[in-house]
A.B. asks: 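Take a look at this one; I'll ask things after.
Just so it is clear, the model here is predicted, and its values are computed rather than measured. Reckoned from all heavy atoms, side chains included, excluding hydrogens, waters and symmetry mates.
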Amino acid sequence: MKTTIILILVSVFLLSLQTGKVDKKNLMVGHWKEFGYKFHNDTMMKSVSEECALKTMTLGNDWTYEEKMYCLTSSGKWFFNKDQTKFDFSLGTFNGAKISSFTDTTKTNNIIIKLTQDTLIYGSEGYYGEKGIYGHDDYYFVRQK
């Protein structure tokens with residue numbers, strides 16, 4: 001009996017150490033507000049200083065997307081790549097006007113994500129400058145309640 005209890009406790013302990021698959025969709029869903037950015041050639045994160053320049057976005061459980069930035073609005077759909085390490089957007093409206101979808105360019109999954117319950121950092125990949133040096137611009141968000 002004592003051995004069985006010890007085996008059960010050890011099993012529960014070992015199971016608790018395993019990292020289960022995190023449901024990133026549930027972590028992504030919600031309202032996010034940008035608080036900083038770091039472009040590919042910056043050495044440190046910079047705070048967003050102008051209220052109008054702050055990016056706010058809402059990612060819906062139904063894969064809908066709404067964004068405000070530079071006092072402009074857009075909406076559409078958001079999506080993950082297969083292993084949920086990158087995401088991207090497919091825009092449907094810009095400042096209330098419907099835009100046509102470019103199916104060959106909307107699902108590039110080019111945005112690398114780092115995600116916790118309360119913070120989101122995403123980096124847009126690219127090649128910069130005359131020499132085409134690889135880098136990414138990082139955008140820092142906090143979850144809004």
A.B. asks: State, with a plain yes or no, whether a side-chain heavy atom of Leu120 is found less than 4.5 Å away from one of Met28.
C.D. replies: yes
A.B. asks: Report the C-alpha distance between Thr119 and Tyr140 in whole Å, list the side-chain angles of each, state the deciding distance to 0.1 Å, and finish with yes or no for side-chain contact (heavy atoms from CB on, under 4.5 Å).
C.D. replies: CA-CA 7 Å; Thr119 59; Tyr140 298 82; over 6 Å; no
A.B. asks: For residues Ser74 and Phe94, report the shortest heavy-atom separation together with the two atoms involved.
C.D. replies: CB-CD1, 4.1 Å
A.B. asks: Is any side-chain heavy atom of Gln144 closer than 4.5 Å to a side-chain heavy atom of Val142?
C.D. replies: yes
A.B. asks: What's the spacing between Phe80 CZ and Asp88 CG if we round to 0.5 Å?
C.D. replies: 12.0 Å
A.B. asks: For Tyr139 and Tyr122, I'd like to know if the aromatic rings sit close, meaning centre-to-centre distance below 6.0 Å.
C.D. replies: yes
A.B. asks: Once rounded to the nearest 0.5 Å, what's the spacing between atom CG of Leu91 and atom OG of Ser75?
C.D. replies: 8.0 Å
A.B. asks: Report yes if the side chains of Asn26 and Asn61 come closer than 4.5 Å at any heavy-atom pair, otherwise no.
C.D. replies: yes
A.B. asks: Do Tyr70 and Glu50 have side chains that approach each other closer than 4.5 Å (heavy atoms only, starting at C-beta)?
C.D. replies: no
A.B. asks: Just one of Asp137, Asn41, Ile133 clears the side chain to side chain contact (heavy atoms under 4.5 Å, CB included) bar with Tyr128, so which one?
C.D. replies: Asp137
A.B. asks: State, yes or no, whether a side-chain contact exists between Met57 and Phe89 at a heavy-atom distance under 4.5 Å.
C.D. replies: yes
A.B. asks: Going by heavy atoms in the side chains, are Thr58 and Trp78 under 4.5 Å from each other?
C.D. replies: no
A.B. asks: Of all heavy-atom pairs between Thr93 and Ile99, which one has the smallest distance, and what is that distance?
C.D. replies: N-CG1, 4.0 Å
A.B. asks: Linking I/L/V/M/F/W/Y whenever any side-chain heavy atoms sit under 4.5 Å apart, do Tyr37 and Phe87 land together?
C.D. replies: yes
A.B. asks: Would you mind reporting whether Lys55 and Phe141 have side-chain heavy atoms less than 4.5 Å apart?
C.D. replies: yes
A.B. asks: Should Gln84 and Leu115 count as side-chain neighbours, where that means a heavy-atom distance under 4.5 Å?
C.D. replies: no
A.B. asks: Could you check Trp32 against Arg143 for side-chain contact (heavy atoms from CB on, under 4.5 Å), going step by step and ending with a plain yes or no?
C.D. replies: CA-CA 5 Å; Trp32 297 94; Arg143 183 180 300 277; 3.2 Å; yes
A.B. asks: Within the supplied structure, the quantity of interest is the number of heavy atoms (other residues, nucleotides, ligands) at a distance under 6.0 Å from Tyr127 OH; does it exceed 12?
C.D. replies: no
A.B. asks: With a 4.0 Å cut-off on N to O distance, would you call Lys24 and Asp83 a salt bridge?
C.D. replies: no
A.B. asks: Nearest 0.5 Å, please: how far is CG in Leu59 from NE2 in His31?
C.D. replies: 9.5 Å
A.B. asks: Examine Phe39 and Ile113 and state if one hydrophobic cluster contains both, with Ile, Leu, Val, Met, Phe, Trp and Tyr joined whenever side-chain heavy atoms are less than 4.5 Å apart.
C.D. replies: yes
A.B. asks: Group every Ile, Leu, Val, Met, Phe, Trp and Tyr by side-chain heavy-atom contacts under 4.5 Å, then state whether Ile121 and Ile112 land in the same group.
C.D. replies: no
A.B. asks: Can you tell me how far apart CG (Asp138) and CE (Met45) are? Round to the nearest 0.5 Å.
C.D. replies: 10.5 Å
A.B. asks: About how many Å separate CE of Met69 and CG of Leu54, when rounded to the nearest 0.5 Å?
C.D. replies: 9.0 Å
A.B. asks: Return the NZ to CD1 distance between Lys86 and Ile111, rounded to the nearest 0.5 Å.
C.D. replies: 10.5 Å
